[in-house]
Structures are given as C-alpha cells and as structure tokens.
Amino acid sequence: MRTILNKQSILYRTLARALSMKRPHKSVGETMLIEWLIDNLPINTAYTLDSVGNLHVDTRKGKTNRTLFIAHVDTVHAAEGANKIRKTYTKWYACGSQLGADDGAGVAMLMHMLCGGVAGYYVF
C-alpha cells in the first residue's frame, strides 16, 4: 500500500519550499524561508524573532511543558539561489547541488507538528 502525500498539506508545501531554495548561513534565502514560515503559521499564533533572526513559537499550555523542538533553516550551499529538484513518486533529488534536506526535512516536520496542534516550544 502506498501513502499518497497531500500536495496541499503544510508538510509537503514546507518541504517543497525549503528544498527549492539554497540557504547559506546568514543569506537572503534563509531570511526568506523564515518569512515564509511566519506567513504560514496557524492563525493567531504568537511568535518572536530574536536578535540573530531565529524564529521562536511557544504553543505550550502552561509552562510545565518543557518540550523543545528545533530545526536549523540554513543549508551547506556555498551560494544562494534556486535549487533545482527532481521528484519521483518515492524520492526527491537535487540536480547539480545538495538537496538541502538537512534540515529542510526537520523544518517541514516542525511546521507539520505546529500546525497539527502539538504543544511545545519551537525554534527555527
């Protein structure tokens, strides 16, 4: 039995967005992905940006929940720009560069959890 990934889901949309961009540390691409994440947070979700650009989202119901979820938004790419990816039914490939799934997959999973109502403190 094959699982069909819903292309409208936040998981798919975040993964597709993250992998389509090269995001070296402190780059415009990194900032653009943070802005995209903010725009796609659930309605009325409070967030803060710290002095170095990290996105913080606290969805805990009471401060006794000490669960922290974290994923880094930058990639190992040396230059920024579009990242050409090819998708098959079961795999995604980068064409001529790194895929950027470290940690684009983590960013997508955190957005999936956040939008799914999993309480915790999230840092991107």
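What's counted below: heavy atoms across the whole structure, side chains too, no hydrogens, waters or symmetry copies. Along the sequence shown, residues are numbered consecutively beginning with 1.
- Between the NZ atom of Lys7 and the OH atom of Tyr12 there is a distance of 4.5 Å, given to the nearest 0.5 Å.
- One hydrophobic cluster, built from ILVMFWY side chains closer than 4.5 Å, holds both Leu41 and Leu37.
- With 3.5 Å as the limit, one finds no donor-acceptor pair spanning the side chains of His56 and Tyr122.
- Residues meeting the ring pair (Phe, Tyr, Trp, His ring centres under 6.0 Å) test with Tyr93, sequence neighbours left out: none.
- Grouping the Ile, Leu, Val, Met, Phe, Trp and Tyr side chains by contacts below 4.5 angstrom, directly or via other members, places Ile85 apart from Val76.
- In this structure a side-chain-to-backbone donor-acceptor pair under 3.5 Å is missing from Asn65 to Arg60.
- When the ring pair (Phe, Tyr, Trp, His ring centres under 6.0 Å) test is applied to Tyr47, no partner is found at least two apart in sequence or on another chain.
- Thr14 places a side-chain N or O within donor-acceptor distance of the main-chain N or O of Ile10, the cut-off being under 3.5 Å.
- In this structure, Asp102 contributes its side chain and Thr75 its backbone to no donor-acceptor pair below 3.5 Å.
- Between the CG atom in Leu11 and the CE atom in Met113 there is a gap of 11.5 Å [rounded to 0.5 Å].
- Trp92 has its side chain out of reach of Arg86: every pair of non-hydrogen atoms, C-beta onward, lies at least 4.5 Å apart.
- Distance alone, capped at 3.5 Å, places no donor-acceptor pair between the Asp74 side chain and the Pro24 backbone.
- Between the side chain of Arg23 and the backbone N or O of Met21, at least one donor-acceptor pair lies under 3.5 Å.
- By the 4.5 Å heavy-atom criterion applied to side chains, Leu33 and Phe124 are not counted as neighbours.
- Under the 3.5 Å distance criterion, the side-chain polar atoms of Glu80 are matched with a main-chain donor or acceptor of Gly29.
- The NZ atom of Lys91 sits 12.5 Å away from the CG atom of Leu99 when rounded to the nearest 0.5 Å.
- The local environment of NZ in Lys87 is crowded, with over 12 non-hydrogen atoms from other residues, nucleotides or ligands closer than 6.0 Å.
- Side-chain contact between Asn54 and Val73 is absent, with no heavy atoms from C-beta onward closer than 4.5 Å.
- Thr45 and Pro42 get closest at one heavy-atom pair: OG1-O, 2.7 Å.
- When all heavy atoms of Ser97 and His77 are compared, the closest pair comes out as OG-CD2, 3.1 Å.
- Linking Ile, Leu, Val, Met, Phe, Trp and Tyr whenever their side-chain heavy atoms come within less than 4.5 Å puts Phe69 and Ile38 in one cluster.
- Taking OG of Ser27 as the start and CE of Met32 as the end, the distance is 9.5 Å to the nearest 0.5 Å.
- A continuous path of hydrophobic side-chain contacts links Leu55 to Leu114 [ILVMFWY only; heavy atoms under 4.5 Å].
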Expected list for residues 104-112: side-chain donor-acceptor pairs under 3.5 angstrom, two or more places apart:
none

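- By the criterion of side-chain heavy atoms lying less than 4.5 angstrom apart, applied directly or through intervening Ile, Leu, Val, Met, Phe, Trp or Tyr residues, Val118 is not grouped with Tyr121; the two fall into different hydrophobic clusters.
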